[in-house]
**Q** 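Quick one: the structure is below, and I'll ask about it shortly.
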Number of protein chains: 2
Amino acid sequence: MVTILDIAKLAEVSRTTVSRVLNDSGYVSDKARVKVLEAIEQTGYVPSEQAKSLRTKKTKVIGVILPKISTETASRVVDGIDHVLSEKGYQILLANANLQVEKEIEQLKLLESRRVDGIILLATNLEEKLLKAIADLNVPLVALGQDVPGIPSIVYDDYRSAKELTETIISKGHKHIGFIGVYETDEAVGKVRKQGYMDAMKDHGLVIEEAWIQKGKFDIESGYDAMKKILSNSNHTPTATFAVTDRLAIGAMEYLKEKQIVIPDQMAIAGIGASEISKYVSPRLTTVDYNNENAGMETARLLLDQLNGSEEKMRKLSMDYRLIVRDSLR
Amino acid sequence: MVTILDIAKLAEVSRTTVSRVLNDSGYVSDKARVKVLEAIEQTGYVPSEQAKSLRTKKTKVIGVILPKISTETASRVVDGIDHVLSEKGYQILLANANLQVEKEIEQLKLLESRRVDGIILLATNLEEKLLKAIADLNVPLVALGQDVPGIPSIVYDDYRSAKELTETIISKGHKHIGFIGVYETDEAVGKVRKQGYMDAMKDHGLVIEEAWIQKGKFDIESGYDAMKKILSNSNHTPTATFAVTDRLAIGAMEYLKEKQIVIPDQMAIAGIGASEISKYVSPRLTTVDYNNENAGMETARLLLDQLNGSEEKMRKLSMDYRLIVRDSLR
DNA sequence: ACTTTTAGTGGAATCGATTCCACAAAAGGA
DNA sequence: TCCTTTTGTGGAATCGATTCCACTAAAAGT
């Protein structure tokens, strides 16, 4: 592979001069510039970013840690991140945590060893181990999705959206409302959204039957199982169910269809996420749009601000959301 | 940031020794090893992969060029790629071409400048410019999705799957079959799949009316428009329509539903891709599963073989597929 | 005509690792 | 006991760029 030295020799100048042409900095005569450019053209020389960053201490690479690669949310967020970063000449180094905290920590170390300029963490949990790993990291980091203490974070408005969605359901006249959630180690999705639901119910003086609240993982299957349990274990069957993700909602709908329970007449359904599916299932699913691309963009901007030092450390931002009421709720 | 020299001083040994501990290579006494390890522990030293790869000429990074980040296919493929690569200690540098050839070429250069060990290109077109850029690239590259001449490529079996799917439709008794395709600059999806459809029709002595064949982009909207045209422009309205992607099929279904045309009784529909939506629209969509994760894994393996020189250059591989016949076809 | 700027250039140090080589001490073999 | 291995170590070169600094020649100022 051809190096700057080869170019220097070919153009009969010093590497210094070549470097100056490359970065157009300092003085360089037209004659020298032309010779260098010709040499580059001729050899197809591509400067090594690698060597450059060793010297300059900037890699122009941002690490992005995802809980899982192949999810609609993740790819939307990455899309947004890329949109902002690529414009500023940054590239994205992908790191997959595969839903394991251990992996998450490992990836942090790995990204640090690669000397990325910054890290964006799509956070799903706040385990002590992870917080510690983040604390003794030497790379600027921002989190998306969970409020990580001491770290600039962007969060979705899980509480208000869950509460508002529940209230919307209530406003349609439902009094018995089921809830399909996830494990509470996920602070944002597991805990906060549930709290939104509970508080909305409480505010309207509605009591919740224990069997109405079911938990699952993040897959469609879990939604199916949860709905089954709700229906079989409740004394008073709910007339509506709020699932904390669209996938869970879809799963619930699957079960209802199987049992010939009419949506929304016998059971109304709502989810969160505005997944593409939500628009095409029938009936169309009522959901909340978190605008993930936008969140990704904001996160990237926050990180860039951090890198440029032009922002106070430790900013927190809560993203906006949008209720989308469709046929699955009436 | 602490360097190997700091560790050397702290442990009272030479950098050479520290390096030996790091890579456990060569001889190093227990005493020295312990001291080095202690120093590392104490300082939280993380070796610079960067400096390392400058010397070793290996970055352990693979560039992946996507036509678009936020698509189901792309994220599934990346998932597969990551699965194989991360196991071997490689990381993924994401490059978004945003459906532009220019960008694709630019990303090639960019990845080369970062000295990635290899590149995986999710190819969508075979423009001359691109082929040239690939030709004078100094990095091992494999392509997925299109057969790039002179380059190891993995392709889906677009021809056979399209033909077989069309034949399946025919076998259900349909004689008038519409087709929703995409622009033919996309060799695999645009041209080859169409050929599969045409050949199947021809083999069965079925003539195709011009208006039955419509083209669009890759979005749902296009499918909607295409179906509209098929219905309004045909002399003899088809009783089934084959769309080259699930999204186009979904769009077509949307139009049919709007017009109260019953699927599959009045119009059967089939797509390709086995997208998640296909399972949850109603009626459930007949489609072809290309198993993108698996394709991603195979592509990654092919690249690794290439890097290890253990494989002949220029291998071509055609992936398997699986027909999924669901309610939208009868 | 002499001093001060401005242009233009290259030598050499530097970034943080690896690795070749030389060398010394200890262990093993004759 | 002397010679050969084995073990252990560090100096110095290297990877491919940037950048500080010194230096010369030409241009500008007085």
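Letters A, B, ... mirror the listed sequences (proteins, then strands); counts begin at 1. These numbers come from a predicted model, not from an experiment. Keep in mind that the numbers below use all heavy atoms, side chains included, and drop hydrogens, waters and symmetry copies.
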**Q** With a 4.5 Å limit on heavy-atom distance, are the side chains of Ile7(B) and Val21(B) in contact?
**A** no
**Q** Separation of Tyr27(A) atom OH from dA26(D) atom P, in whole Å?
**A** 17 Å
**Q** Give the rounded distance in Å between these two atoms: CD1 of Ile7(B) and P of dT18(C).
**A**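 Taking atom P of dT18(C) as the reference, CD1 of Ile7(B) is at 12 Å.
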**Q** Tell me: NZ of Lys35(B) to C1' of dT9(D), nearest whole Å?
**A**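 Going from Lys35(B) (NZ) to dT9(D) (C1'), I get 12 Å.
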**Q** Hey, are the side chains of Leu126(A) and Gln146(A) touching, using non-hydrogen atoms and a 4.5 Å cut-off?
**A**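 Contact flag for Leu126(A)/Gln146(A) side chains = yes.
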**Q** List the steps, then state whether side-chain hydrogen bond (donor to acceptor under 3.5 Å, both in side chains) holds for Asn292(B) with Tyr156(B).
**A** CA-CA 9 Å; Asn292(B) 302 109; Tyr156(B) 301 110; 3.0 Å; yes
**Q** Could you run through nucleotides 12-17 of chain D and give me one letter per nucleotide, 5' to 3': B if any protein heavy atom sits under 4.0 Å from the base, S if only the sugar-phosphate is that close, - if neither?
**A** BBBBBB
**Q** Taking the minimum atom-to-atom distance to the side chain of Ser29(B), which one of dG10(D), dG8(C), dG8(D) wins?
**A** dG8(D)
**Q** Mind checking Val18(A) for me? I need base, sugar-phosphate or nothing, with any heavy atom below 4.0 Å counting as a touch.
**A** nothing
**Q** Let me check the geometry of the helix from dA1(C)-dT30(D) to dA30(C)-dT1(D). What is the bend angle between the axes at its two ends, five pairs each, to 10°?
**A**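 Roughly 40° between the end axes, to the nearest 10°.
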**Q** How many whole angstroms separate atom CG of Asp30(B) from atom P of dT7(D)?
**A**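 After rounding, the gap between these two atoms is 13 Å.
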**Q** Whole-Å distance between dC20(D) P and Arg20(A) CZ?
**A**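 In whole Å, dC20(D) P and Arg20(A) CZ are 11 Å from each other.
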**Q** Would you call the rings of Tyr183(B) and Phe218(B) parallel, tilted or perpendicular, taking 30° and 60° as the class edges?
**A**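 Plane angle over 60°, so perpendicular.
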**Q** Think Ser25(A) has a side-chain N or O under 4.0 angstrom from the OP1 or OP2 of dT19(D)?
**A** no
**Q** Can you tell me if NZ on Lys60(B) sees more than 12 non-hydrogen neighbours from other groups inside 6.0 Å?
**A** yes
**Q** Given dT18(C), is OP1 or OP2 found less than 4.0 Å from the side-chain N or O atoms of Thr56(B)?
**A** no
**Q** Could you name each residue pair satisfying side chain to side chain donor-acceptor pair (under 3.5 Å) that touches residues 21-33 of chain B, not counting sequence neighbours?
**A**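 Only Ser19(B)-Asn23(B) qualify under side chain to side chain donor-acceptor pair (under 3.5 Å).
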**Q** Does Lys316(B) NZ have over 12 foreign heavy atoms under 6.0 Å away?
**A** yes
**Q** Using whole Å, report how far CZ of Arg33(A) lies from C1' of dA7(C).
**A**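 Going from Arg33(A) (CZ) to dA7(C) (C1'), I get 12 Å.
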**Q** Answer whether the closest heavy-atom distance between the side chains of Val139(B) and Leu111(B) falls below 4.5 Å.
**A** no
**Q** Which atom names give the shortest non-hydrogen contact between Lys58(B) and Ser53(B), and what distance separates them?
**A** O-CB, 2.8 Å
